[in-house]
**Q** 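What follows is a structure written as structure tokens; I'll ask about it next.
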Amino acid sequence: MSIERIEHRASAGGWQDVYEHASTTLGCTMRFAVYLPPQAQAQADAALPVLYWLSGLTCNEQNFITKAGAQRYAAEHGVVIVAPDTSPRGDDVADAEGYDLGKGAGFYVDATQQPWAAHYRMYDYVVNELPALVEAHFPVSDARSISGHSMGGHGALVIALRNPGRYRSVSAFSPIVAPSQVPWGEKAFGAYLGDDRAAWAAYDASALVADARERLPLLVDQGDADEFLEAQLRPQVLQAACEAAGHPLTLRMQPGYDHSYYFIASFIGEHIAHHARALKG
């Protein structure tokens, strides 16, 4: 469970670091970013809560930490932020042409089909291996929340819904809420999970809410000028599923915002405050 720090930068009174490690789950070398707020240094016995952030298609651990401006809000609330890469990496890891399958497009599933099954186990990595590393090496508690954007928003919702009691709160920006019903998800799930659509439901937030054992409230922000809104994101599907199941959902349609990090940076402070209340409450 050894890790190596490869980046170390001062930010908002704390430190924005990036680490590398050999992942047993993914069978490759992985990177993840950790923001340690100033409270981590100021308190010798600090055990701070953690917000896990999952990024979207084409991203790695860098996108969120360089574009979202989250560090100052994490410092204000005393929250550690952990942002992993979005897929396995390396010369021996399977890949595909295009941006929506293969490297940078892990979709936070555990692949069952070849050639993907050997490395593409991002669900297991985020739920089990990554938090074990974080809790072994950093001054954190077991109070966890999870959030993400687009493909990462899909991952955050699915992981929270499938693991009752593990997360204090969950939120998402522009999530793929019904991947079984949209082109991005159909392509990825068909490749990673095969043709059996019953297996896809385990990674589809709109399907999972019907039988969720914990009614953890969902917070979703969606820009109404998002170029992927109707074809790929379809928040109304999740809204209908939550209404049918009686699952608490706050869906905020934000006028004028698109799919970019301009959108995330505009509301990330509200999301971190939302998670901080749950983590400390």
Side-chain angles (χ1 to χ4, degrees), residues 25 51-57 84 86-87 100 105-113 116 120-128 130-131 144-222 228-229 231-252 271 274-275 278:
T25 301
L51 172 62
Y52 288 87
W53 171 271
L54 307 182
S55 290
L57 287 166
T86 56
S87 77
D100 53 356
F107 265 85
Y108 305 101
V109 304
D110 287 347
T112 58
Q113 306 299 302
W116 313 103
Y120 283 77
R121 300 184 55 82
M122 288 300 296
Y123 175 88
D124 189 7
Y125 178 74
V126 171
V127 173
N128 296 306
L130 181 60
R144 313 175 195 94
S145 291
I146 192 165
S147 185
H149 171 234
S150 194
M151 177 186 73
H154 139 75
L157 294 174
V158 165
I159 287 170
L161 288 166
R162 285 184 56 174
N163 292 276
R166 188 168 184 82
Y167 301 94
R168 302 281 182 90
S169 54
V170 58
S171 74
F173 290 84
S174 315
I176 308 169
V177 301
S180 300
Q181 303 179 41
V182 300
W184 276 341
E186 289 178 323
K187 179 178 180 178
F189 285 7
Y192 297 145
L193 304 174
D195 296 331
D196 181 7
R197 285 180 172 257
W200 298 9
Y203 299 102
D204 189 313
S206 294
L208 289 169
V209 293
D211 298 314
R213 289 184 288 135
E214 178 186 33
R215 296 305 186 189
L216 190 67
L218 313 180
L219 171 61
V220 173
D221 268 330
Q222 172 65 62
F228 303 112
L229 179 59
Q232 305 283 9
L233 306 178
R234 302 184 64 192
Q236 67 274 14
V237 177
L238 178 64
Q239 186 174 40
C242 286
E243 289 175 354
H247 196 108
L249 166 68
T250 300
L251 172 60
R252 308 193 306 184
H271 281 241
H274 165 78
H275 293 299

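The shown structure was predicted, so the numbers you read here are calculated from the model rather than taken from an experiment. Numbers here are sequence positions counted from 1.
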**Q** Kindly determine whether M122 and F107 satisfy side-chain contact (heavy atoms from CB on, under 4.5 Å), including the steps that lead there.
**A** CA-CA 7 Å; M122 288 300 296; F107 265 85; over 6 Å; no
**Q** Got a sec, which residues hit ring pair (Phe, Tyr, Trp, His ring centres under 6.0 Å) with Y192, two or more places apart in sequence or on another chain?
**A**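 Testing Y192 for ring pair (Phe, Tyr, Trp, His ring centres under 6.0 Å), a comparison that skips the adjacent residues, returns W116, Y120.
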**Q** Sorted by first residue and then second, give each salt bridge (Lys or Arg N to Asp or Glu O under 4.0 Å) pair with at least one member in residues 171-197; sequence neighbours left out.
**A**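 Residue pairs passing salt bridge (Lys or Arg N to Asp or Glu O under 4.0 Å), neighbours aside: D100-K187, E186-R197.
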**Q** Start with the C-alpha gap between L57 and W184, add the side-chain angles, then the distance that decides, and say whether side-chain contact (heavy atoms from CB on, under 4.5 Å) holds.
**A** CA-CA 10 Å; L57 287 166; W184 276 341; 3.7 Å; yes
**Q** Looking only at heavy atoms, what is the nearest atom pair of E214 and G165, with distance?
**A** OE1-N, 3.1 Å
**Q** Please enumerate all residues that pass side chain to side chain contact (heavy atoms under 4.5 Å, CB included) together with P217, with sequence neighbours excluded.
**A** P248
**Q** Nearest 0.5 angstrom please: L54 CG to I146 CD1, how far?
**A** 4.5 Å
**Q** Once side chain to side chain contact (heavy atoms under 4.5 Å, CB included) is applied, do any residues pair with L229, and if so which ones, sequence neighbours excluded?
**A**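 By the side chain to side chain contact (heavy atoms under 4.5 Å, CB included) rule, L229 matches Q222, D226, P235, M253.
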**Q** Does a side chain donor of either S169 or H274 reach within less than 3.5 Å of an acceptor in the other side chain?
**A**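 S169 vs H274: no donor-acceptor pair found between side chains.
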**Q** Excluding sequence neighbours, so at least two apart, what forms side chain to side chain contact (heavy atoms under 4.5 Å, CB included) with A212?
**A** L161, R215, H247
**Q** Please test S174 against H149 for side-chain contact (heavy atoms from CB on, under 4.5 Å), starting from the C-alpha separation and ending with a verdict.
**A** CA-CA 6 Å; S174 315; H149 171 234; 4.0 Å; yes
**Q** Please list all pairs passing the salt bridge (Lys or Arg N to Asp or Glu O under 4.0 Å) test where one or both residues lie in residues 174-185, with sequence neighbours left out.
**A**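 Passing the test, one end in residues 174-185: no pairs.
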**Q** Using only atom types and a distance under 3.5 Å, with no angle test, would you say the side chain of R144 pairs donor to acceptor with the backbone of P131?
**A**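 Pair absent, no side-chain N/O of R144 close to backbone of P131.
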